[in-house]
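Quick caveat, the model's predicted, so the values are computed rather than measured. Letters go in sequence order (proteins before strands), and every chain restarts at 1.
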Amino acid sequence: ETGVTQTPRHLVMGMTNKKSLKCEQHLGHNAMYWYKQSAKKPLELMFVYNFKEQTENNSVPSRFSPECPNSSHLFLHLHTLQPEDSALYLCASSPGLAGAGVTDTQYFGPGTRLTVL
Amino acid sequence: GNSVTQMEGPVTLSEEAFLTINCTYTATGYPSLFWYVQYPGEGLQLLLKATKADDKGSNKGFEATYRKETTSFHLEKGSVQVSDSAVYFCALNNQGGKLIFGQGTELSVKP
């Protein structure tokens, strides 16, 4: 497979469940990102990883827990979510490291549509 | 701070009509500018980009010119098709590695 893939594409979970979202990039990139896209709101950056190291946590609640075991894989572990967390969660990657002086293009996966009941 | 403002949608056009979606930005320094497109049920795809003033990005008949004097990056297409129906996002990357997005503009093209 090429590009950025995300699984599952759709997920329905109760507020007491624990689930994980997976992202994989096949582009040899060094930075990976999680974004949240809610209805009627601009995309919100959640987390940034450079070479497996988290460099940005954009004030995300602790019920979202990211994990980056290597530069090709990124997970978002979910537990005790709220209905307002229902959204499209998008993963992205970029060739260079995210940081000062970098204006790289980011490449997005298709997203996971999450519904919290 | 950095921000992006897009014209509000939805925009409804007939096939073969001319399209303009306005985008203006606020940023310090010299950001790169992007247009992304999101088709129904899919993630974001890069449509075009420009990395410095007066650059013109183009792809699939779409164009946008980086205008530093007016801090704008308006998206244009001479003749839209039904398959262009999607949500279009303007974004900037201001040397911090973070993409700042506008709120998106929904385009609907009718046959």
Following the transitive rule for hydrophobic clusters with a side-chain heavy-atom cut-off under 4.5 Å over Ile, Leu, Val, Met, Phe, Trp and Tyr, establish whether [X] and [Y] coincide in one cluster.
X	Y	result
B:F62	B:V87	no
B:F34	B:I100	no
B:Y88	B:L48	yes
B:L92	B:V37	yes
A:Y89	B:Y39	no

Using a heavy-atom cutoff of under 4.5 Å, enumerate the residues of residues 2-14 of chain B that contact chain A, numbered in order, or state 'none'.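 Interface residues of residues 2-14 of chain B: none, nothing closer than 4.5 Å to chain A.
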Do you know which of B:Q38, B:Q103, B:Q45 has the most heavy-atom pairs with chain A at a distance under 4.5 angstrom? B:Q38
First locate atom CZ of B:F101, then atom CD of A:Q37, and finally report the distance between them rounded to the nearest 0.5 Å.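 Reported to 0.5 Å precision, the distance equals 8.5 Å.
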If you count the non-hydrogen atoms of other residues, nucleotides and ligands that lie under 6.0 Å from NZ in B:K68, is the total more than 12? yes
Taking atom CD of A:Q82 as the centre, report whether more than 12 heavy atoms of other residues, nucleotides or ligands fall under 6.0 Å from it. yes
Which heavy atom in A:P42 sits nearest to a heavy atom in B:G102, and how many Å separate them? CB-O, 4.0 Å
Closest contact, heavy atoms only, B:E42 versus A:L88: O-CD2, 4.3 Å
With a 4.5 Å limit on heavy-atom distance, are the side chains of A:L43 and B:Y36 in contact?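 No. Closest side-chain heavy atoms not under 4.5 Å.
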Name the region of A:Q6, side chain, backbone, both or neither, that has any atom closer than 4.5 Å to a heavy atom of chain B.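 No part of it gets close to chain B.
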For A:R9, which atoms come within 4.5 Å of any heavy atom of chain B: side chain, backbone, both, or neither?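 A:R9 touches chain B through side-chain heavy atoms alone.
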After noting the C-alpha distance and the side-chain angles of A:Y33 and B:L99, does the key distance pass the side chain to side chain contact (heavy atoms under 4.5 Å, CB included) rule? CA-CA 10 Å; A:Y33 311 78; B:L99 274 177; over 6 Å; no
Side chain, backbone, both or neither: which part of B:L46 has a heavy atom under 4.5 Å from chain A? side chain
